[in-house]
*Asks:* 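Got a structure here, written out as structure tokens. Questions coming.
Note that the numbering runs from 1 along the sequence shown for the chain. This is a predicted model, so every value here is computed, not measured. Both counts, for ligands and for their atoms, begin at 1 and track the order of listing.
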Amino acid sequence: MRVLVTGAAGFLGSHLTDRLLGEGHTVLGIDNLSTGNLGNIAHLKSESRFAFEERDICQPFDPGKVDAVYNMASPASPPEYLRLALETLRVGSVGTENTLEIAHKYGAVFLHASTSECYGDPLEHPQTENYWGNVNPVGPRSVYDEAKRYAESLTMAYNRYRGVNTHLVRIFNTYGPRLHPSDGRVISNFVMQALRGEPLTVYGNGQQTRSFCYVADLIEGILRLSRSDEHLPTNIGNPTEFTILECAEAVLEITATVTGKRSELRFEPLPQDDPTRRKPDISKAKKLLGWEPQIGLREGLKLSLDFFQSKV
Ligand code: NAD
Ligand code: UDP
């Protein structure tokens, strides 16, 4: 297959590209390098089945015949999508429509990277795909949340009205090597702070929860979903829930094995509309795809340590 991956120089896009190349496919990676970087795909320089183009998917483009499109492009960390607010709205709307047009033109399979953020600050716990969410449509996070919700609606419309074979993955917090060391997400912040011997910045009282999925597990789930007959959104994430304080503790435990020290905690204000809790119900993915995550948080942190150490 010839596969188009948008956001290929990002954290998840680069891992997805590696997996697709590993399966023998040819990949065209597209990225505007707004939050990603060429370092994530530097190891593919001499790979003849990989080509890279620096471009913004908000401008229409024709990649030539492709069999599959994985639309991963979008700022993803809260500080980055707040910095790139209008760009985030545009890539979720115009950019997603441009890539859906490509899938339509070439009869390609289409997968869009959606997010647990579609559930907002959820009133149902854990979150099943049938829950419609509790999103502030005009708060600071809305540039991301509403772009992603619009992209889901657009994707379903291309499925229903244009017959495109689409898939929607609702990704829950994912981490691993190549997660940008300074893009502000909790795992990279905590690990880098601990490795540098700085205090870990806990926002609020640290009682809010997240459920962290190791990148290899996530990519496996995404690939299985893209090859299934399911068009409605599907949660892919690790259902083991941690408070942010428990996450800090896990990071301190794992990083202490290399630093021999434990950083302090420093409490900072909670960002506006920061979701109180998040945990995927993955019954659908289990049943439909025979998928469930294999790697727990502490094991995944160990697997990520070399990468973060190289960035200190
Ligand atoms: P990332 O920032 O590392 O990667 C996103 C990539 O998209 C970057 O390389 C960026 O330069 C590129 N990009 C952004 N706008 C673009 C545009 N207009 N044209 C071309 N390229 C553009 O983030 P990530 O964590 O790899 O996230 C990948 C996708 O998965 C995103 O759509 C994100 O919303 C989604 N997601 C990620 C997580 C997670 O925990 N990592 C959770 C939920 C959803
Ligand atoms: N967080 C934190 N300290 C940090 C970065 C994040 O306490 O240095 C918290 C943040 O307030 C949120 C959770 O960790 O409750 C996850 O944040 P992240 O930005 O990784 O992703 P989100 O799930 O909010 O999109």
*Asks:* What residue and heavy atom of the protein are closest to atom 44 (C) of ligand 1, and at what distance?
*Replies:*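 In this structure, atom 44 (C) of ligand 1 has S114 O, 3.4 Å as its nearest protein heavy atom.
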*Asks:* Which residue holds the protein heavy atom closest to atom 4 (O) of ligand 1, what is that atom called, and what is the gap in Å?
*Replies:* G10 CA, 3.4 Å
*Asks:* Who's the nearest protein heavy-atom neighbour of atom 31 (C) of ligand 1, and how far?
*Replies:* M72 O, 3.2 Å
*Asks:* Counting heavy atoms only, which of T88, L33, I171 comes nearest to atom 43 (C) of ligand 1?
*Replies:*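 That would be I171.
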*Asks:* Do me a favour and list the nearest non-hydrogen protein atom to atom 1 (N) of ligand 2 with residue, atom name and distance?
*Replies:* Y203 CD1, 3.4 Å
*Asks:* Just jot down the ligand 2 atoms closer than 4.0 angstrom to any heavy atom of T201, in number order.
*Replies:*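 In order of numbering, the contacting atoms are 2 (C), 3 (N), 4 (C), 7 (O), 8 (O).
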*Asks:* For Q208, take its heavy atoms, then give the atoms of ligand 2 lying under 4.0 Å from any of them.
*Replies:*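 Matching atoms, with element in brackets: 9 (C), 11 (O), 15 (O).
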*Asks:* Using a strict 4.0 Å cut-off to heavy atoms of N173, name the atoms of ligand 2 that fall inside it.
*Replies:* 21 (O), 22 (P), 23 (O)
*Asks:* Just how far is it from atom CG of L200 to atom CG of N189, taken to the nearest 0.5 Å?
*Replies:* 8.5 Å
*Asks:* Relative to each other, are the rings of F11 and H15 parallel, tilted or perpendicular (30° and 60° limits)?
*Replies:*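 Perpendicular, since the angle between the ring planes exceeds 60°.
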*Asks:* So if I count the atoms of ligand 1 from 1 in the order they appear, which ones are less than 4.0 Å from some heavy atom of A73?
*Replies:* 7 (O), 13 (N), 16 (C), 21 (N), 22 (C)
*Asks:* Give the atom numbers and elements of ligand 2 that come within less than 4.0 Å of a heavy atom of P78.
*Replies:*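 Numbered from 1, ligand 2 contributes 19 (O), 25 (O).
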*Asks:* Under 4.0 Å from a heavy atom of S34: give me the atoms of ligand 1 that qualify, with their elements.
*Replies:*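 Going through ligand 1 atom by atom, the ones under 4.0 Å from S34 are 10 (C), 11 (O), 13 (N), 14 (C), 15 (N).
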*Asks:* Counting from 1, what ligand 2 atoms have a heavy atom of V202 closer than 4.0 Å?
*Replies:*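 Reading through ligand 2 atom by atom, the close ones are 7 (O).
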*Asks:* What protein heavy atom is closest to atom 40 (O) of ligand 1, reported as residue, atom name and distance in Å?
*Replies:*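 Nearest protein contact, heavy atoms only, for atom 40 (O) of ligand 1 is T174 N, 2.8 Å.
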*Asks:* So, R224 side chain and L289 main chain: donor-acceptor pair closer than 3.5 Å or not?
*Replies:*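 Yes; at least one donor-acceptor contact below 3.5 Å.
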*Asks:* Give a yes/no verdict on a cation-pi contact between R162 and Y158, requiring under 6.0 Å between NZ or CZ and the six-membered ring centre and an angle within 45° of the axis.
*Replies:*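 Positive - R162 is close enough to the ring of Y158 and near enough to its axis.
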*Asks:* Considering only NZ, NE, NH1 and NH2 on the basic side and carboxylate oxygens on the acidic side, decide whether D62 and K105 come within less than 4.0 Å.
*Replies:*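 Yes, this pair counts.
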*Asks:* Less than 4.0 angstrom from a charged side-chain N to a carboxylate O is my criterion; do R90 and E87 meet it?
*Replies:* no
*Asks:* Among protein heavy atoms, which sits nearest to atom 37 (C) of ligand 1, and what does the distance come to when rounded to 0.1 Å?
*Replies:* L12 CD1, 3.6 Å
*Asks:* Between L200 and ligand 2, which residue portion shows a heavy-atom distance shorter than 4.0 Å: side chain, backbone, both, or neither?
*Replies:* neither
*Asks:* I want to confirm something. Looking only at heavy atoms, which of N32, D183, L38 is nearest to atom 17 (C) of ligand 1?
*Replies:* N32
*Asks:* I want to check something: taking the side chain as every heavy atom from C-beta on, are I171 and I236 in contact at a cut-off of under 4.5 Å?
*Replies:*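 Not in contact.
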*Asks:* Between R141 and E146, does any side-chain N to carboxylate O distance fall below 4.0 Å?
*Replies:*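 Salt bridge: no.
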*Asks:* For ligand 2, is there an atom lying under 4.0 Å from some heavy atom of R278?
*Replies:*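 Per 4.0 Å heavy-atom rule, R278 contacts ligand 2.
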*Asks:* Consider every N or O of Y81 and every N or O of ligand 2, then say whether any pair is closer than 3.5 Å.
*Replies:*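 No - when backbone and side-chain N and O of Y81 are compared with those of ligand 2, no distance drops under 3.5 Å.
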*Asks:* Among R210, R141, R277, which one puts a heavy atom closest to atom 25 (O) of ligand 2?
*Replies:*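 Looking at heavy atoms only, R141 sits closest to atom 25 (O) of ligand 2.
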*Asks:* Any idea which atoms of ligand 2 are less than 4.0 Å away from a heavy-atom of I244?
*Replies:*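 Within the 4.0 Å cut-off of I244, ligand 2 contributes 7 (O), 13 (C), 14 (O).
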*Asks:* Looking at side-chain heavy atoms only, is the closest gap between L111 and V69 below 4.5 Å?
*Replies:* no
*Asks:* If you define the side chain from C-beta out and look only at heavy atoms, does anything of L16 sit under 4.5 Å from M72?
*Replies:* yes
*Asks:* Any atoms of ligand 1 less than 4.0 Å from a non-hydrogen atom of R55? List them with their elements.
*Replies:*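 Near R55, the atoms of ligand 1 are 19 (N), 20 (C).
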*Asks:* Regarding E23 and R19, does a basic nitrogen lie under 4.0 Å from an acidic carboxylate oxygen?
*Replies:* yes
*Asks:* Going by heavy atoms, is Y144 under 4.0 Å from ligand 1?
*Replies:* yes
*Asks:* Regarding R278 and E241, does a basic nitrogen lie under 4.0 Å from an acidic carboxylate oxygen?
*Replies:* no
*Asks:* State, yes or no, whether a side-chain contact exists between L270 and Q208 at a heavy-atom distance under 4.5 Å.
*Replies:*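 The answer is yes, as the side chains (C-beta and beyond) meet within the 4.5 Å cut-off.
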*Asks:* Is there a side-chain contact between V5 and L20 (heavy atoms, below 4.5 Å)?
*Replies:*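 Touching, per the 4.5 Å side-chain cut-off.
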*Asks:* Does the pair D306/K311 count as a salt bridge with the N-to-O cut at 4.0 Å?
*Replies:* no
*Asks:* Would you mind listing which atoms of ligand 1 come within a distance below 4.0 Å of any non-hydrogen atom of D31?
*Replies:* 6 (C), 7 (O), 8 (C), 9 (O), 10 (C), 11 (O), 12 (C), 20 (C), 21 (N)
*Asks:* Which ligand 2 atoms are under 4.0 Å away from a heavy-atom of R185?
*Replies:*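 Per the distance check, 19 (O), 20 (O).
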*Asks:* Just to check, does R185 reach to within less than 4.0 Å of ligand 1 when the distance is taken from its heavy atoms?
*Replies:*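 It does, in that a heavy atom of R185 comes within the 4.0 Å cut-off of ligand 1.
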*Asks:* Flag V186 as yes when one of its N or O atoms lies below 3.5 Å from any N or O atom of ligand 2, and as no otherwise.
*Replies:*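 V186 vs ligand 2: N/O contact under 3.5 Å present.
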*Asks:* Can D183 and R83 be said to form a salt bridge (charged side-chain N to carboxylate O under 4.0 Å, His left out), step by step?
*Replies:* CA-CA 11 Å; D183 81 0; R83 177 176 72 87; over 6 Å; no
*Asks:* Between the side chains of R262 and E249, is the shortest nitrogen-to-carboxylate-oxygen separation below 4.0 Å, so that they form an ion pair?
*Replies:*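 Between R262 and E249 there is a salt bridge, with a charged N closer than 4.0 Å to a carboxylate O.
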*Asks:* Under 4.0 Å from a heavy atom of G7: give me the atoms of ligand 1 that qualify, with their elements.
*Replies:*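 Contacts of ligand 1 toward G7, numbered from 1: 6 (C), 7 (O), 12 (C).
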*Asks:* Which ligand 1 atoms are under 4.0 Å away from a heavy-atom of T115?
*Replies:*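 Close to T115: 43 (C), 44 (C).
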*Asks:* Heavy atom to atom 10 (C) of ligand 2, shortest distance: which of N189, T276, D274 holds it?
*Replies:* D274
*Asks:* Under 4.0 Å from a heavy atom of N173: which atoms of ligand 1 are those, numbered in the order shown and with their elements?
*Replies:* 40 (O)
*Asks:* Tell me which protein heavy atom sits closest to atom 19 (N) of ligand 1, plus the residue, atom name and distance to 0.1 Å.
*Replies:*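 Going atom by atom, the protein heavy atom closest to atom 19 (N) of ligand 1 ends up being I57 N, 3.0 Å.
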*Asks:* Linking Ile, Leu, Val, Met, Phe, Trp and Tyr by side-chain heavy atoms under 4.5 Å, what else ends up with L84?
*Replies:* none
*Asks:* Would you mind telling me if ligand 1 is within reach of the side chain of K148, the backbone, both or neither, using heavy atoms under 4.0 Å?
*Replies:* side chain
*Asks:* Determine which pairs satisfy ring pair (Phe, Tyr, Trp, His ring centres under 6.0 Å) with at least one residue from residues 200-249, sequence neighbours left out, and list them in order.
*Replies:* H167-H231, Y175-Y214
*Asks:* Does K302, at its NZ atom, have more than 12 non-hydrogen atoms belonging to other residues, nucleotides or ligands within less than 6.0 Å?
*Replies:*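 No, not enclosed.
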*Asks:* Go through ligand 1 atom by atom and flag the ones less than 4.0 Å from a non-hydrogen atom of G36.
*Replies:* 8 (C), 9 (O), 10 (C), 11 (O)
*Asks:* Among protein heavy atoms, which lies nearest atom 2 (O) of ligand 1, and at what distance?
*Replies:* T35 OG1, 2.6 Å
*Asks:* Contact between E117 and ligand 1, counting heavy atoms under 4.0 Å?
*Replies:* no
*Asks:* Counting non-hydrogen protein atoms only, what is the nearest one to atom 27 (O) of ligand 1? Give residue, atom name and distance.
*Replies:*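 Its nearest protein heavy-atom neighbour is A76 CB, 3.6 Å.
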